There are 2 protein chains.
Amino acid sequence: MTKPPQAGSEDAAAAGLRAIPEASVARLALYLRMLGELAEQGAETVSSDELAGVTGVNPAKLRKDLSYIGSYGIRGVGYEISALVRQLERTLGLDHLQAVALVGVGNLGHALAGYSGFGGRGFPVTALFDVDPDLVGIHINGIIVEHVQAIPQICAERGVTIGMIATPGPAAQGVCDLLVGSGVRCILNFAPVVLQAPPEVEIRKVDLAVELQILAFHVARRRLAQQDGAVLDGQVNGHATNGSGGMLT
Amino acid sequence: MTKPPQAGSEDAAAAGLRAIPEASVARLALYLRMLGELAEQGAETVSSDELAGVTGVNPAKLRKDLSYIGSYGIRGVGYEISALVRQLERTLGLDHLQAVALVGVGNLGHALAGYSGFGGRGFPVTALFDVDPDLVGIHINGIIVEHVQAIPQICAERGVTIGMIATPGPAAQGVCDLLVGSGVRCILNFAPVVLQAPPEVEIRKVDLAVELQILAFHVARRRLAQQDGAVLDGQVNGHATNGSGGMLT
DNA sequence: GCAACTTTGTGCGTGCCTTCACAAGCGACT
DNA sequence: AGTCGCTTGTGAAGGCACGCACAAAGTTGC
C-alpha cells in the first residue's frame, strides 16, 4: 500500500544510512522482536538458519536483510544477539524515543491507547485527541484526552514524531492535515480512507476490513476450487520449520 | 508478509476463477469500498482515472487489476459502478456471508468485536472466545463470550470460515491450532508471533508494533539525512498521484 | 599448525509486479 | 453515415525482490 521508493542518495550511503528496501525494513522489525525473545531465553548468538526458522523467513533473505545494516555476523558462529539488537535499534530509530500522538479515542482508538505493545517497545503514546466532548478530558493510561484543535500546540510541545489516526473515515483527512501542519511527518492510518498528503509525509495504512476481504477471497477461491474438483493446493506459508519455539500456552 | 501462492489451476481458470496476483486482490478490496462511496454520492459510472485518483493507484495498474475479474468497462465511458461492484463482491467472496470468530477479548479484541466496519461489510462477528473467567459469559454486541475450549464445537455449529486472533503472544499458537483443528482455513493474526500452520491455511498478520517501527525508521532516516546536510529531498513516497481527485473532506 | 566443518555474505538467475504506451472500441456531434 | 475524442484493455519493457548456490572467513579438533 505504501509505495516502494527508489530510495537512497549517494551521500546518504556514505553515512551509516544505506538504501534499505522497504520490504526489508518490515522484516528487520520482526527480527528485532524475535531476537528480544531469544535473548530473554538466555541465548547469546543465533545463526541465520535459527532466526529464519523462528521468523518464517528464508535464511538467505534474512542474511541479505542484515547485510543492509552492516556485517555484524561471525562466520562459523552466527550473530551476537546483543550487538545485533543494538544495531537494529539504531537503524530503526529506536535509540531515540518516538513520541506518538493518537487521534480518535473511540472504539479502536481506546484499545490502541491501552495497548501495552507500544509503550513497551519505545513508542510511548504521548498525546490523545478526540472531538467528542464526552471523551475530551478523561484519562486513559494516565494521559488526558485533549480536543483535536489542540493538536498543533501539543504536538509541538511534546515533540510528537508519529501520528496515529483512528477516527471515523470522514474525519481522517482533516486530522491528517492538522498533524502534517504540526510538523508530523509519519502517520499510521486506521481510518478506511486514502489520505492525501505532501510527498515528504510517510503514510502507512492498516485497513482491517480490507484484510478480512482478502481472506474472504481465499475462502471463496477454496470453495470454487472444491466445486471444480480441481486439485489446486494452497501452499501459502512455505515454512514448516517448527524448529525451536513450540511456545504453547 | 503473506507469501504469494503459485495460484490457480487450469480448470480453475476455466471457471470464473482466474489466477489473481495477491497484490491485486488487496487493491480490489480497496476499489470496492471506494466504489461504494461513489455510488452513495450518486455516481453511476467511473473512469479508471477517477477511481485511480481516489484510491491512490496508478490508472494502468487499476485497469489491469480489473481485467483480472473480467472486462466490465465500456470504452469511451468508463465502468458502470453497480455492475462492477457486483462483480467485485462475487470475486471477493462477499456474496456469501463469512462467519468470523474472534479469539481474545482483551484490550484490542474488545475493540475489534465492537468495530462496526466488520458486520457492516459482510463479516458478522459470530463467535467470541477467551480464557479469562471474568470475560467468559459477558455479552459484547449481543454475542456471548465463550471459553476457548468450546472453539471446535461452536465453530462447527456456526460455520465459521475466518478466525481472528487477538490474544497475547504466547497464547496465539495454541489458539491457532485449535482453529485449524476446527476446520478454519483463514486466519487474521494480531498477536506478535509468527504462527505455524499447515500450508493450506491462509494466514495474514497485522503487527501494530512493526508498523510503528517502520515509521520510526523513516523518522530516523529523515533525521540522519538532515544531519548530513545532504540534499536527499523527500522522495520517499513516489506518490504524486494527486492527479484528478482533490477530494477534500 | 593443518584439516574439516560451520556459517556468513553476496553474485546471479528467475519470476512477479508495475508502468508505459498504444491499438481497439464506443459514444457524441455534425 | 462519418469523424473526432475519450477510455478501456493489453503487449512489452523495466525494476524489484526472492532464493539458490558458492566463495570467503572463522572455529573446532587433532
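Letters A, B, ... are given to chains in the order of the sequence lines, protein chains preceding strands, and every chain is numbered from 1. When reading the values below, keep in mind they use all heavy atoms of this one structure, side chains included, and skip hydrogens, waters and symmetry mates. Since we're looking at a predicted model, the values are computed, not measured.
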K.L.:
Once you round it to whole Å, what is the distance between C1' of C/dT7 and CG of A/L62?
P.N.:
13 Å

K.L.:
Show which side-chain atoms of residues 74-81 of chain A pair as donor or acceptor with protein atoms under 3.5 Å away, not counting sequence neighbours.
P.N.:
residue: A/E80; atom: OE2; partner: A/S82; partner atom: OG; Å: 3.1

K.L.:
Figure out the CZ/C1' separation between A/R27 and D/dC16, and round it to whole Å.
P.N.:
12 Å

K.L.:
List for me each residue that meets side-chain contact (heavy atoms from CB on, under 4.5 Å) alongside B/P21, sequence neighbours excluded, and say none if there are none.
P.N.:
B/S24, B/Y68

K.L.:
Please state how far atom CD1 in B/I81 lies from atom C1' in D/dT8, giving the value in whole angstrom units.
P.N.:
16 Å

K.L.:
Starting from C1' on C/dT19, measure out to CG on B/D49 and report it in whole angstrom.
P.N.:
14 Å

K.L.:
Let me spell it out: for each of A/V77 and A/S24, pick the nucleotide of DNA chain D with the closest heavy atom. Which residue's pick is nearer the 5' end?
P.N.:
A/S24

K.L.:
Mind jotting down which residue pairs meet the side-chain hydrogen bond (donor to acceptor under 3.5 Å, both in side chains) criterion with at least one end in residues 184-194 of chain B? Sequence neighbours excluded, please.
P.N.:
none

K.L.:
Give a yes/no on whether any side-chain N or O of A/S47 is located under 4.0 angstrom from OP1 or OP2 of C/dT7.
P.N.:
no

K.L.:
Round to the nearest Å and state the distance from A/L28 atom CG to D/dA17 atom C1'.
P.N.:
14 Å

K.L.:
Set out, line by line, the N/O atom pairs under 3.5 Å between protein and nucleotides 9-11 of chain D.
P.N.:
residue: D/dG9; atom: OP1; partner: B/G73; partner atom: N; Å: 3.2
residue: D/dG9; atom: OP2; partner: B/Y79; partner atom: OH; Å: 2.5
residue: D/dG9; atom: O4'; partner: B/R75; partner atom: NH2; Å: 3.1
residue: D/dG9; atom: N7; partner: B/R63; partner atom: NE; Å: 2.8
residue: D/dG9; atom: O6; partner: B/R63; partner atom: NH2; Å: 3.0
residue: D/dG11; atom: O6; partner: B/K64; partner atom: NZ; Å: 3.3

K.L.:
CG of B/L215 to CD1 of A/I162: how many Å apart, nearest 0.5 Å?
P.N.:
5.0 Å

K.L.:
Please list, chain by chain and in numerical order, all residues satisfying side-chain contact (heavy atoms from CB on, under 4.5 Å) with B/V25, sequence neighbours excluded.
P.N.:
A/I214, A/F217, B/I20, B/L92

K.L.:
Looking at A/R223 and B/D95, what are the two nearest heavy atoms and their distance?
P.N.:
NH2-OD1, 4.4 Å

K.L.:
Please tell me which of B/V46 and A/P21 maps to the more 5' nucleotide of DNA chain D, matching each residue to the nucleotide holding its nearest heavy atom.
P.N.:
B/V46

K.L.:
Send over the distance from B/E22 CD to D/dA17 C1', rounded to a whole Å.
P.N.:
16 Å

K.L.:
On the nucleotide C/dC20, are OP1 or OP2 found under 4.0 Å from the side-chain N or O atoms that B/N58 carries?
P.N.:
yes

K.L.:
Atom CG of A/D65 and atom C1' of C/dT8: how far apart are they, to the nearest Å?
P.N.:
14 Å

K.L.:
Rounding to a whole Å, what distance do you find between B/L51:CG and D/dT8:P?
P.N.:
10 Å

K.L.:
Kindly write out the residues that satisfy salt bridge (Lys or Arg N to Asp or Glu O under 4.0 Å) with A/E211, not counting sequence neighbours, or none if the list is empty.
P.N.:
B/R204

